[in-house]
Amino acid sequence: MTDASAAAQRAASVPLIVGSDRGPGAVGARPDEDLLAGLNPPQREAVTYRGRALLIVAGAGSGKTRVLTHRIASLLRNREAWPSQILAITFTNKAAGEMRERVEHLVGDSARGMWISTFHSACVRILRREAEQFGFTKSFTIYDSGDSRALIKRLVKEHEADAFGLTPAGVQSRISKLKNELADAESYARQANPNDPAERIFVELFGDYQRALQRANAFDFDDLIAQTVYLFRAFPHVADVYRRRFRHILVDEYQDTNHAQYALIHELTRPIAGEARQPYADSGMMIFDAPAADAPEPASLTVVGDSDQSIYAFRGADIRNITEFERDYPGAKVVLLEQNYRSTQNILSAANAVIGNNFDRKDKKLWTDVGAGEKIVGFTGYSQHDEAQFVADEVEALRRGGIDYSQMAVFYRTNSQSRALEEIFIRSAVPYRIMGGTKFYERAEIKDALAYLVAVANPADEMAVRRILNRPRRGIGDVTETAIARYAAEEGIAFRDALANASALGVGPRIQAAVAQLDAVLVEATELMLPSSGELAPPSAVAEGLQLLLGRSGYLDALRMSKDAQDEARLENLDELVAVAREFARNNPEGTVIDFLAEVALVSDADDLEDSSGSVSLMTLHTAKGLEYDAVFLTGVEEDLIPHRISAGEPGGPQEERRLFYVGITRARKRLYLSLAMTRAQFGEVSVAMPSRFLQEIPGDLVHWRQSPGDVNSRGGTQSRALNARRTGGGSGSGRYGDDLVPLPPRDRPGSIEKFANRIPAKVRDNGDMALAPGDRIRHDDFGEGRVDAVTGEGAKRVAHVRFDTAGPKKLLVKIAPIERL
DNA sequence: ATCTGGCTTATTTTT
DNA sequence: TAAGCCAGAT
């Protein structure tokens with residue numbers, strides 16, 4: 001499309017902007033003065049520096065979000081930029097939302113029109129506009145990793161590639177890595193070894209995968225970035241449009257950018273080549289001549305990052321993007337933020353000591369003026385349940401001490417570790433919430449529902465149509481599916497369109513009817529959501545269309561009929577999805593199905609918006625990045641967990657694990673707990689766990705061990721010996737533990753392990769609605785006898801407040817606690 | 001076409 | 001442990 005037509009098209013939509021007659025550049029009496037109040041000198045510098053490139057090296061908790069938001073606000077207040085000229089990139093949608101909110105708080109409505117989004121969302125916006133330039137349509141859809149895995153799985157099968165040791169997972173990750181390096185199938189083939197059959201097949205798979213995506217009019221996650229870069233490189237005049245538009249580009253978490261993202265930023269910050277000045281009214285945001293045309297300098301770039309917090313190298317993040325920033329942008333200004341406003345000195349000292357063990361890093365020391373604070377607390381449990389019980393008890397103790405549940409978090413390395421914690425938390429009636437765990441949008445019924453929407457919105461996406469073909473069961477199996485595909489191929493039409501001619505498929509009448517019915521439902525929903533009259537569908541169309549699809553297809557009925565208990569939950573999930581669609585319509589009155597699908601594909605946890613007030617947050621260390629809590633429990637601090645076993649073999653692996661540990665530590669404001677278990681059950685088997693090497697890197701006087709690894713295993717029992725109280729004399733650093741500090745019993749003492757392994761049975765019991773009243777005496781499997789003080793709550797959530805004779809006060813969920821009335 | 005049971009197998013982090 | 005795959009029965 002031409003720029004002129006694009007401009008015309010956009011001019012038609014959305015009015016608005018900035019209620020002021022003063023243009024950018026007009027200077028008042030330091031309108032940003034208040035933005036600088038309360039900032040320390042480096043922070044101030046980071047807000048006020050003006051130049052082509054600025055690198056803000058921001059240690060954990062040094063107020064980088066504050067600096068970034070104030071910098072944006074200052075640009076706006078000083079009239080140095082219009083909102084539409086600002087592009088701020090964050091890593092997560094949540095971070096983007098928060099940043100927008102904070103900027104709005106500072107400058108009010110004039111924040112509207114800024115692009116504050118993730119790399120992926122920004123690229124979708126660009127691609128949506130330019131897709132027609134290179135063989136896609138505006139209604140392209142996005143394959144999440146599950147979708148692309150399914151596609152790759154099919155291709156692997158077709159090519160019988162498993163015979164060459166190519167697994168779907170392996171192929172998927174290789175393709176992803178290559179795309180992050182901006183390699184495509186052709187360029188990879190050129191440098192691949194043609195004599196290796198596995199290589200040849202891989203190249204074929206890569207190529208087929210890419211062609212399948214193109215045919216489906218779809219991009220995968222990595223494509224969103226890479227294709228945007230290709231677009232800019234192939235069509236410089238298109239790139240110029242965006243270069244002219246975005247005068248100030250800011251990137252958060254720069255240490256986690258991969259090569260493709262780096263290249264994207266690089267493209268956007270290049271000098272503008274084009275000579276013709278074209279005022280570009282972009283989605284209606286700019287209703288004035290872009291001042292950029294008068295000053296065609298490259299955009300200014302601000303990046304914020306901390307190489308010590310780089311934890312995504314495994315998926316292509318390249319620390320060099322930050323370490324070599326000064327080389328890439330000559331003359332760049334570097335500002336160092338080292339003062340920490342989050343944690344106590346004890347916590348920071350531990351963090352500094354740990355990260356100091358990574359070689360090859362610029363030394364940076366966090367400091368604070370809030371004082372030493374409490375010591376770090378260490379605890380070693382016999383088993384993961386024991387460890388979890390410690391956490392639960394301590395959470396309650398902190399709660400009584402005045403810390404709100406929402407200000408506490410429990411971190412772990414792998415998702416599977418959450419199970420033991422959940423079990424104990426439920427039993428102890430500690431309210432908790434798992435962040436980023438099993439994702440709503442990965443559930444089968446949600447994927448089915450979305451596939452129905454895709455089938456309507458992007459009929460080219462054959463995968464989606466195939467997915468819903470027999471969901472709910474309507475008797476369409478392999479044979480029919482193949483028949484449809486063959487018919488489509490013969491007629492040279494799309495798979496979706498073949499459904500419209502059921503009678504020509506050569507299948508039985510029953511099946512024909514089923515196919516025709518499916519087609520009819522899709523047609524009806526299409527008419528509702530994308531009226532053929534060209535009329536704009538009402539905002540409610542997406543939610544209504546979804547309901548229509550699920551209802552008329554028989555999907556809901558099938559679930560309702562089912563006696564599988566889980567199907568009830570599935571129905572609720574689908575209700576939830578409809579609610580999400582309604583909410584979307586409220587926020588985006590002009591949003592189409594396509595927009596809805598894109599949003600859904602790019603938002604990881606739907607509960608982002610939901611406030612976690614009133615519950616303890618449980619999450620992986622990766623998820624924890626960027627967050628902070630008064631009290632933090634870092635659990636499973638064991639060898640093979642952190643550092644994770646798999647990391648040992650990877651170059652740079654252990655160092656990345658150390659950074660992960662560092663990230664965990666630095667999330668804590670006031671209280672930090674490090675805990676581990678002596679034994680850990682992993683997929684059915686109990687194995688012995690060793691304390692993590694990272695524990696030794698923390699100076700002994702910072703940690704108060706409530707129960708040290710020494711306590712737990714020393715033969716006689718009570719000998720208190722902190723893990724890191726003494727080290728072997730030599731500074732070689734090779735021996736992990738001194739001779740006198742064997743942290744765990746030798747393996748040939750299974751007795752001690754068995755004794756503790758299953759202290760708490762894995763099965764959750766059910767007491768029904770046991771009658772319990774204040775004054776009753778009960779016995780608990782673990783806590784012994786006690787007296788009921790009170791009973792609160794209703795039904796399955798009834799909670800008994802019990803004062804145990806020896807274990808002290810506890811709250812128990814009556815329904816499932818291992819208790820009996822005496 | 002669908003259901004069942006028995007088998008294997010894989011277990012890191014995620015926009 | 002639990003999810004996913006395959007073969008064989010209905």
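By convention in this document, chain letters (A, B, ...) are assigned in the order of the sequence lines, proteins followed by strands, and residues within each chain are numbered from 1.
A donor-acceptor contact shorter than 3.5 Å links the side chain of A:His644 to the backbone of A:Ile646.
Atom CG of A:Asp478 and atom C1' of B:dC3 are 15 Å apart (whole Å). The separation between A:Lys153 atom NZ and C:dA3 atom P is 14 Å, rounded to whole Å. For the pair A:Arg149 CZ and B:dT14 C1', the interatomic distance rounds to 12 Å; values are reported in whole Å. As a whole-Å value, the separation of A:Lys625 NZ from B:dT15 P is 11 Å. Between the P atom of C:dA3 and the CG atom of A:Asn415 lies a distance of 14 Å, rounded to the nearest Å. Whole-Å rounding puts the A:Arg413 CZ to B:dT11 P distance at 14 Å. The CG-C1' distance, from A:Asp256 to B:dT13, rounds to 11 Å in whole Å. Separating the CG atom of A:Asp252 from the C1' atom of B:dT15 is a distance of 14 Å, rounded to the nearest angstrom.
In this structure, a donor-acceptor pair under 3.5 Å is present between the side chains of A:Thr623 and A:Thr620.
Distance from the side chain of A:Ile646 is smallest to B:dT11 among B:dT13, B:dT11, B:dT2. Considering only side-chain atoms of A:Arg419, the nucleotide from B:dT13, C:dT1, B:dA1 that sits closest is C:dT1. Comparing B:dT13, B:dT15, B:dA1 against the side chain of A:Phe314 picks out B:dT13 as the nearest. In the set B:dT15, B:dT2, B:dT13, the nucleotide with an atom closest to the side chain of A:Phe221 is B:dT15.
Between the side chain of A:Arg473 and the base of B:dT2 there is no donor-acceptor pair of N/O atoms closer than 3.5 Å.
Across all strands, A:Ser416 comes closer than 4.0 Å to no nucleic acid atom at all (heavy-atom distances). Among the protein residues, A:Thr623 comes within range of the sugar-phosphate backbone only, with heavy atoms under 4.0 Å from sugar or phosphate atoms but none that close to a base. At the heavy-atom level, A:Asn470 lies under 4.0 Å from the strands shown only through sugar-phosphate atoms.
Under 4.0 angstrom from either OP1 or OP2 of B:dT14 there lies at least one side-chain N or O belonging to A:Thr620. Phosphate contact (OP1/OP2 of B:dT15, side-chain N/O of A:Asn258, threshold under 4.0 Å): absent. Within the 4.0 Å cut-off from OP1 or OP2 of B:dA1, at least one side-chain nitrogen or oxygen of A:Thr480 is found.
Between A:Glu639 and A:Arg645 there is no salt bridge, since no side-chain nitrogen of the basic residue lies less than 4.0 Å from a carboxylate oxygen of the acidic one. Using a cut-off of 4.0 Å between Lys/Arg side-chain N and Asp/Glu carboxylate O, A:Arg466 and A:Glu462 are scored as salt-bridged. Using a cut-off of 4.0 Å between Lys/Arg side-chain N and Asp/Glu carboxylate O, A:Glu656 and A:Arg659 are scored as salt-bridged.
Under the stacking definition used here (centres under 5.5 Å, planes under 30°), the residue A:Tyr312 fails to qualify as stacked on the base of B:dT13.
When the P atom is compared between B:dT13 and C:dG4, the two are found 15 Å apart, to the nearest whole Å.
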Quick one, A:Ser148 with A:Ser145, criterion side-chain hydrogen bond (donor to acceptor under 3.5 Å, both in side chains). Give me CA distance, side-chain angles, the key distance, then yes/no.
CA-CA 5 Å; A:Ser148 76; A:Ser145 25; over 6 Å; no

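Each of A:Arg474 and A:Thr118 lies near DNA chain B, and the nucleotide nearest A:Arg474 is the one positioned closer to the 5' end.
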